[in-house]
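Per chain, numbering begins at 1; letters A, B, ... match sequence-line order.
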Amino acid sequence: MNIVKRTIDGIYNLLKGMKVTIRYFFKPAITLQYPKERWTMPERSRGMVGLLSDPETGKLNCTACLICMRNCPVRAIQITQKKDEAGKRVPDEFVIEAGLCIYCGICEESCPFNAIKMIPKYEFSTYDKKQLTHKKERLADIGKGSKYNKWS
Amino acid sequence: MENGTQTAVFYILSGLIVGSAFMVVSLKNIFHSALFLVLCFFSVAGIYILLSAEFVAAVQVLIYVGAITVLLIFAIMLTAQLYSPSIRQSNEQVIPGIIIVGTLLIVTLSVLRRTSWRISTQGIEGQSTVSIGKSLLTTYVLPFEVVSLVLIAALIGAIIIARRE
Amino acid sequence: MLELDQLFKNIYLWGENLFTQWGIPLFWLELLGMLIVAVIILAFMSLSVLFLVWWERKVSGHMQSRFGPMRTGWHGWLQTIIDAIKLILKEDTTPGTADKIGFLIAPIIVFVSAFMAYICIPFGKGLIVKDLNIGILYILAITTFTVIGLLTAGWCSNNKFSVLGGFRSAAQIISYEVPLTLSILGVVILSQTLSMQSIVNSQKHIWEWYIFRQPIGFLIYLVAAIAEINRVPFDIPEAEQELVAGFNVEYSGIKFAMFFFAEFANLFLVSAIATTLFLGGWNGPLLPSWIWFFIKSFFLVFVIMWFKWTFPRLRVDQLMGFAWKFLLPLAFINLILTGLFA
């Protein structure tokens, strides 16, 4: 009677599998309808690189110390220095090649003035490679509204 | 159905049968021959339907098209070097062939002419399926059983040949 | 009530009146009627295939926690229509080394055999094109042409994957046809007829449905039928992972569409036959008969899709062994028991 037992066992196991699939059939789908719905990224996720500025004066926190530039492993950051009216050192040009960036976050960790940060923003693909060269204004724009988080 | 239509359908089907049968033996491509054989069998089934023997027609299609031709095609596919020149379509022994076929033709024709064919004008009463089933299990029960015995013997024989160890 | 058979009858009577008024022989009316019925069946098949393809994608999607097509129309209901248009407009290619004639007629054979079987399906009370007295036998006979078509497609593509797929499908269909026929024989013994309408008429009440008197027969039929239409878990003829796509590797455009069409038409056909034989056909309370028929058939279609997205594919030797060593003896036992107790 081995064959009878095996048959019944087999049918039971098949039904068990069918139970699983029918349960998932009635569960809501987990797919996100991407352009219509978007996922809110976690606060500490590494997205685009942006420059933070003082919320009161609107000036960049950056002092053009070049530490991030030296620490960048792929040399995606290019900075030139200048002095402003008060004699303070500020970046004249601050360029990040977003196409080169590997999202390691070393620039953010090494910055002593909380000026540079990985912002949880994404979607910056372009039709033109030149637009991946983010200049100072663009970087300040990206960083607008983001606050420095001690643990990130 | 009208009589004229029936005759027309009969001639169309006969033409199909003869034509496709001729193609079966004359075509170079053996796979095409098999396909024409299917057409031939199907037209024969049409003739059966014309004679209001639907059951026989269905069985004809089921067995000849569904099983035998598929078996033939299997054999064709498994034949190695099908298109090589070593397989010849024509026969070298033309004269003995003509003699044998001619004798066969004469014999068949004379038998056909001498037999007095009984032509039934009325159709089969009721369903042909029922009458076939009844006569198979009453009048012709012995041939029926013998046929099944022969088939089982063939089956066992095939298994024994295939399982040579 | 919303019975459709009266409608068709009235249309026919109206046509008869018109033809006798104009003095045209009724033979032409019959011919015209046949043509119209063929067009109606083709239209019905197309609609149901379009629906089934969409439904299949939705079912598979939701069983895998996805949505399936969503973008074209409400929940993607336009998707299959667009796909069909794309397939029809696509360039129709034939491989250079293929057997041109065979390559052309293979999809036609498969398509026509699926189409012809629809003649004997009782869609509702009086809604059958021709109630042949060998009904179910006719369907079994005409669907065997599918094998010829698949073998031709496999062989004439001149591609090793195609030939393997054709081989496998032929072996599989021939093997599973035996238990399929035997499981149907149980119903035929009980109902004492081969005609589809008579089989439906013999199961008026729910306790007369043959699924309760032939439960093993129903299971054998379902398994063998799924194998007949080459669906998962018996889809080795077109196993994507090993044979690319089996017999239809080389096909594209409208020829591929015909294969695809026939596959889904056969899916509905198999469910419709199971409904007729085991689930009481169009019998049911309250609703019109044809609605009952479609409810039952589409439920069975859903069950077959459910199988597809649950079970893994069988190996070739497992498949053949299952047919010959398990299903066939079981079908014989079922037949003998039916014969003894009927």
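B:F42 and C:F145 have perpendicular rings, their planes meeting at more than 60° on a 0 to 90° scale where under 30° would count as parallel.
For NZ of C:K325, the number of neighbouring non-hydrogen atoms (other residues, nucleotides, ligands) closer than 6.0 Å is 12 at most. When the shell of 6.0 Å around CD1 of B:I95 is examined, it contains 12 or fewer heavy atoms from other residues, nucleotides or ligands. The environment of B:Y64 atom OH is sparse: at most 12 non-hydrogen atoms of other residues, nucleotides or ligands sit within 6.0 angstrom.
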Exercise. Mind running side chain to side chain contact (heavy atoms under 4.5 Å, CB included) on B:L35 and C:I101 for me, showing each step along the way?
Key: CA-CA 11 Å; B:L35 289 184; C:I101 306 160; over 6 Å; no
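When all heavy atoms of C:A141 and B:L62 are compared, the pair lying nearest together is CA-CD1, 3.6 Å. When all heavy atoms of B:F74 and C:A171 are compared, the closest pair comes out as CZ-N, 3.9 Å.
Comparing C:L140, C:V147, C:T152, C:I174 by how many heavy-atom pairs each has under 4.5 Å with chain B, the most go to C:T152. If you tally non-hydrogen atom pairs under 4.5 Å between each of C:I148, C:T146, C:T143 and chain B, the highest count goes to C:I148.
When heavy atoms are compared at a cutoff of 4.5 Å, C:L151 approaches chain B by way of both its backbone and its side chain. For C:I173, no part sits under 4.5 Å from any heavy atom of chain B, backbone or side chain. The contact between B:V38 and chain C is made entirely by side chain atoms (from C-beta outward), counting heavy-atom distances below 4.5 Å.
Taking the side chain as every heavy atom from C-beta outward, C:L137 and B:F55 approach each other to under 4.5 Å.
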